[in-house]
Amino acid sequence: MDCTYRKPLKIHLVTSTESPEFTHLARALSQSSLVGLDAEWKPQRSHQSNFPRVSLLQLACQPGPRFNPESDESNASVVFLLDLSSIPLPSIWELLKELFVSPDILKLGFKFKQDLIYLSSTFCSQGCDIGFDRVEPYLDITSIYNHLHHKQLGRKLPKETKSLASICKELLHISLSKELQCSDWSNRPLTEEQKNYAAVDAHCLIEIFNIFQVKVAQKGFAAGNSCSSISELDSSNLDLGLKGILEKPDIGNKTVRFKLCEALDIIRATSYYSQCLPEGVVSRVSYLNTMPMDESLVKIVRKYGEKILLRECDKAPKTSKKKGRKRSSVIVDSREKRLDDIGDWQGPPPWDLSLGGDGYPKFLCDVMVEGLAKHLRCVGIDAATPRSKKPEPRELIDQTSKEKRVLLTRDAKLLRHQYLIKNQIYRVKSLLKNQQLLEVIEAFQLKISEDQLMSRCTKCNGRFIQKPLSTEEAVEAAKGFQRIPDCLFDKNLQFWQCMDCNQLYWEGTQYHNAVQKFIDVCNLNE
């Protein structure tokens with residue numbers, strides 16, 4: 001994982017309600033006013049009549065500083081991975097339902113409505129007839145980004161929605177790898193890479209919100225007079241009774257949305273006097289002994305808070321309205337199996353060594369293995385990428401043919417077109433970039449040496465100039481194009497420039513780290 005977080009990230013895999021991790025989870029939720037939500041499931045290769053079964057639910061908790069100030073965990077973020085394949089779902093349904101609707105916990109997510117639909121379907125299939133129908137209060141990371149973007153730039157936002165990886169890159173300055181998003185999350189045990197990926201995906205939601213909360217406090221995103229302090233709900237309100245509470249201005253508008261039992265929970269939690277409930281009133285059992293949000297969170301919730309509500313039409317898979325003859329599932333399965341079979345490399349290498357340059361084939365990596373292209377360049381292999389961001393199969397075939405390359409892809413459907421370019425298509429089977437690199441090296445019998453490392457421009461795939469530049473020449477070449485750090489001027493370094501894009505490189509710390517990385521990946525020490 002490329003991400004480096006400022007806060008310590010503790011990961012707990014919860015596989016049983018009898019485990020210490022589950023006890024820790026319940027305690028952390030009770031002490032948190034902020035929880036990031038995410039879910040993972042096995043991807044479906046084609047349209048199915050049922051929703052996919054959720055295999056993993058991630059809960060990233062940030063306990064408030066007012067709880068256990070002497071504990072090491074009071075200020076540390078922690079992520080819980082709920083293994084829904086191992087835990088009996090009815091045993092945690094009440095806990096999760098209370099979490100989703102707790103007014104004391106702000107839930108964060110990235111387009112979490114789809115996750116909630118799949119999660120509700122998963123629990124319903126295991127005997128929880130009601131499932132989940134809402135999350136409130138809730139704040140979507142897309143909305144947070146839009147608020148920050150609008151305030152900073154002062155112009156209308158583009159219609160397209162940014163990915164979570166793009167938002168993390170812009171706001172947190174970290175690279176969020178999404179390689180494992182389409183891995184099989186139903187397999188057990190989960191790999192360490194999968195655990196880290198899942199934890200970071202949920203934890204980054206809290207990191208992004210923390211930036212937003214600081215902006216709210218510093219620049220006044222939330223108007224100070226737009227909402228009243230939570231201190232209005234003190235113990236004296238209990239004397240008014242529920243009817244009086246609901247009739248109070250500003251409070252009634254918020255409270256009237258909840259059912260009677262939930263309104264009683266709000267009064268009890270915010271008053272700190274649960275024992276003062278009117279005699280004869282029976283409240284439901286609470287699985288989370290939560291505390292009210294602090295005033296800054298309350299203001300954010302009242303001004304920017306959202307909620308997710310599932311309708312009945314959301315709980316059933318959408319059926320295709322396209323007319324036409326329904327294909328037999330046997331035909332579909334056999335076609336997919338045939339595509340899987342032809343993905344294996346057969347026969348001699350189909351490239352002409354005289355055209356590849358340096359006795360190596362030239363590659364074209366489609367968008368599904370774009371990260372592999374940079375890895376190949378780092379070991380000195382010519383690896384291009386498509387000219388357009390969303391190329392059609394015909395464009396990939398044409399570029400492969402014209403540039404005399406071998407097309408690398410993970411899309412089995414592209415193998416249907418391999419007859420057009422004399423079988424010069426290879427389907428990469430590995431998910432991680434390092435494993436993909438080793439797979440290609442082995443499949444194409446590439447010989448990598450230490451002298452080849454970092455011999456190509458990772459930005460455009462170009463070659464470097466033969467003669468290195470001095471510091472003075474590099475500064476002149478970089479004018480108006482690239483900034484050379486001042487700390488390099490006294491180090492007497494040599495600079496190398498790409499002949500295609502003019503990008504400048506030098507043998508600094510990043511260079512030596514990259515060389516060592518690929519020495520280890522390619523086992524060049526052996």
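Position 1 is the first residue of the sequence; numbering continues from there.
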Notebook entry, point to check: Between Lys362 (side chain) and Glu403 (backbone), is there a donor-acceptor pair under 3.5 Å?
Noted result: yes
Note to self: side-chain contact (heavy atoms from CB on, under 4.5 Å) for Leu139 and Lys107? Distances and angles first, verdict last.
What the structure shows: CA-CA 6 Å; Leu139 194 53; Lys107 277 70 68 175; over 6 Å; no
Check: Can you name the one residue among Val35, Leu37, Asp133, Ile105 that meets side-chain contact (heavy atoms from CB on, under 4.5 Å) with Phe100?
Finding: Leu37
Notebook entry, point to check: Going by atom types only, do Gln516 and Asp520 share a side-chain donor-acceptor pair under 3.5 Å?
Noted result: yes
Note to self: So Ile11 and Val78, do their side chains get closer than 4.5 Å, heavy atoms only?
What the structure shows: no
Item checked: Flag if over 12 foreign heavy atoms under 6.0 Å of NZ, Lys42 -> no
Check: How far does CD1 of Ile381 sit from CD of Gln452, to the nearest 0.5 angstrom?
Finding: 5.5 Å
Margin query: For the residue pair Tyr197 / Gln181, report whether a side-chain donor-acceptor contact shorter than 3.5 Å exists.
Written below: no
Note to self: For Arg188, is the CZ atom crowded, meaning more than 12 foreign heavy atoms sit under 6.0 Å from it?
What the structure shows: yes
Margin query: For Phe444 and Phe363: C-alpha separation, side-chain torsions, deciding distance, then whether ring-ring contact (aromatic ring centres under 6.0 Å, His included) applies.
Written below: CA-CA 11 Å; Phe444 290 85; Phe363 295 104; 5.0 Å; yes
Note to self: If you define the side chain from C-beta out and look only at heavy atoms, does anything of Ser55 sit under 4.5 Å from Leu84?
What the structure shows: no
Notebook entry, point to check: CD of Gln58 to NE2 of His203: how many Å apart, nearest 0.5 Å?
Noted result: 13.0 Å
Next item on the list: Could you check Tyr145 against Ile208 for side-chain contact (heavy atoms from CB on, under 4.5 Å), going step by step and ending with a plain yes or no?
Entry: CA-CA 8 Å; Tyr145 174 80; Ile208 294 172; over 6 Å; no
Margin query: Would you compute the distance between atom OG of Ser121 and atom CD of Gln126 and round it to the nearest 0.5 angstrom?
Written below: 10.0 Å
Next item on the list: Report yes if some heavy atom in the side chain of Gln436 is under 4.5 Å from a heavy atom in the side chain of Arg410; otherwise report no.
Entry: yes
Notebook entry, point to check: Is it the case that more than 12 heavy atoms not belonging to Gln482 sit under 6.0 Å from its CD atom?
Noted result: yes
Next item on the list: Take Ile144 and Ile211 through the test side-chain contact (heavy atoms from CB on, under 4.5 Å) and record every step on the way to the result.
Entry: CA-CA 10 Å; Ile144 290 178; Ile211 291 178; over 6 Å; no
Notebook entry, point to check: Going by the angle between their ring planes, with limits at 30° and 60°, are His147 and Phe212 parallel, tilted or perpendicular?
Noted result: parallel
Notebook entry, point to check: What's the shortest heavy-atom distance between Val406 and Pro361, and which atoms?
Noted result: CG2-CB, 4.5 Å
Next item on the list: May I ask you to decide if Ser16's main-chain N or O and Ser19's side chain share a donor-acceptor pair within less than 3.5 Å?
Entry: yes
Item checked: Thr122 to Pro52 - nearest heavy-atom pair and separation -> OG1-O, 3.9 Å
Note to self: Ignoring hydrogens and geometry beyond distance, is a side-chain donor-acceptor pair present between Thr409 and Asp411 at under 3.5 Å?
What the structure shows: no
Notebook entry, point to check: If we only count heavy atoms from C-beta on, is the Leu25 to Leu82 side-chain gap below 4.5 Å?
Noted result: yes
Notebook entry, point to check: Below 6.0 angstrom between ring centroids: does that apply to Phe132 and Phe123?
Noted result: yes
Next item on the list: Over all heavy atoms of both residues, which pair between Arg377 and Lys459 is shortest? Give the atoms and the distance, please.
Entry: NH1-O, 3.6 Å
Checklist line | Main-chain N/O of Pro468 paired to Gln494 side chain as donor or acceptor, under 3.5 Å | finding: no
Next item on the list: Can you see which heavy atom on Leu453 is nearest to which on Val515, and at what distance?
Entry: CD1-O, 3.7 Å
Item checked: Gly131 backbone acceptor or donor facing Trp93 side chain under 3.5 Å -> yes
Margin query: I'd like to know if Glu192 pairs up with Lys195 as an ion pair, taking the criterion as any Lys NZ or Arg NE/NH1/NH2 lying under 4.0 Å from an Asp or Glu carboxylate oxygen.
Written below: yes
Next item on the list: For the residue pair Ser32 and Leu34, establish whether any side-chain heavy-atom pair is separated by less than 4.5 Å.
Entry: no
Item checked: Full working for side-chain hydrogen bond (donor to acceptor under 3.5 Å, both in side chains) between Asn210 and Gln62 -> CA-CA 10 Å; Asn210 288 339; Gln62 181 173 281; 3.0 Å; yes
Margin query: How close do Cys204 and Leu164 get, counting heavy atoms only, and between which atoms?
Written below: SG-CD2, 3.9 Å
Notebook entry, point to check: Does the pair Glu136/Arg134 count as a salt bridge with the N-to-O cut at 4.0 Å?
Noted result: yes
Check: Between Glu21 (side chain) and Leu81 (backbone), is there a donor-acceptor pair under 3.5 Å?
Finding: no
Check: How long is the span from the CG atom in Leu437 to the OG atom in Ser430, to the nearest 0.5 Å?
Finding: 10.0 Å
Next item on the list: Decide ring-ring contact (aromatic ring centres under 6.0 Å, His included) for Trp506 and Phe495; before the verdict, give the C-alpha distance in whole Å, the side-chain angles of both, and the deciding distance to 0.1 Å.
Entry: CA-CA 5 Å; Trp506 56 89; Phe495 293 80; 5.7 Å; yes
Item checked: Val79 side chain near Val200 side chain, heavy-atom distance below 4.5 Å -> no
Next item on the list: Dump the intermediate steps for side-chain contact (heavy atoms from CB on, under 4.5 Å) on Leu180 and Leu432, then the final yes or no.
Entry: CA-CA 7 Å; Leu180 293 173; Leu432 301 178; 3.7 Å; yes
Next item on the list: Would you please test Tyr505 and Tyr511 for ring-ring contact (aromatic ring centres under 6.0 Å, His included) and show each step?
Entry: CA-CA 9 Å; Tyr505 296 85; Tyr511 168 83; 9.2 Å; no
Notebook entry, point to check: Once the angle between the rings of His12 and Phe80 is folded into 0 to 90°, is it parallel (under 30°), tilted (30 to 60°) or perpendicular (over 60°)?
Noted result: parallel
Check: Would Asp140 and Thr142 count as having a side-chain donor-acceptor pair, cut-off 3.5 Å?
Finding: yes
Check: Is it true that Glu170 and Lys162 have a side-chain N and a carboxylate O under 4.0 angstrom from each other?
Finding: yes
Check: Would a distance-only check, ignoring hydrogens and angles, find a side-chain to backbone donor-acceptor pair under 3.5 Å from Asn461 to Ala383?
Finding: yes
Note to self: Minimum heavy-atom separation for Leu205 and Leu108, please, with both atom names.
What the structure shows: O-CD1, 3.6 Å
Item checked: Inter-residue atom distance Asp201.CG - Glu40.CD, 0.5 Å rounding -> 6.0 Å
Notebook entry, point to check: Are a donor atom and an acceptor atom from the side chains of Glu395 and Ser388 found within less than 3.5 Å of each other?
Noted result: yes
Next item on the list: Check whether any side-chain heavy atom of Arg463 lies under 4.5 Å from a side-chain heavy atom of Cys457, and answer yes or no.
Entry: no
Notebook entry, point to check: Within the distance-only criterion (no hydrogens, no angle test), does the side chain of Ser120 pair as donor or acceptor with the backbone N or O of Ile117 below 3.5 angstrom?
Noted result: no
Check: Yes or no on side-chain hydrogen bond (donor to acceptor under 3.5 Å, both in side chains) for Asp451 and Ser449, after CA distance, side-chain angles and deciding distance?
Finding: CA-CA 5 Å; Asp451 294 336; Ser449 66; 4.9 Å; no
Item checked: Spatial distance of atom NZ (Lys113) from atom CG (Leu309) [nearest 0.5 Å] -> 8.5 Å
Next item on the list: Check whether any side-chain heavy atom of Leu99 sits under 4.5 Å from a side-chain heavy atom of Val135, and report yes or no.
Entry: no
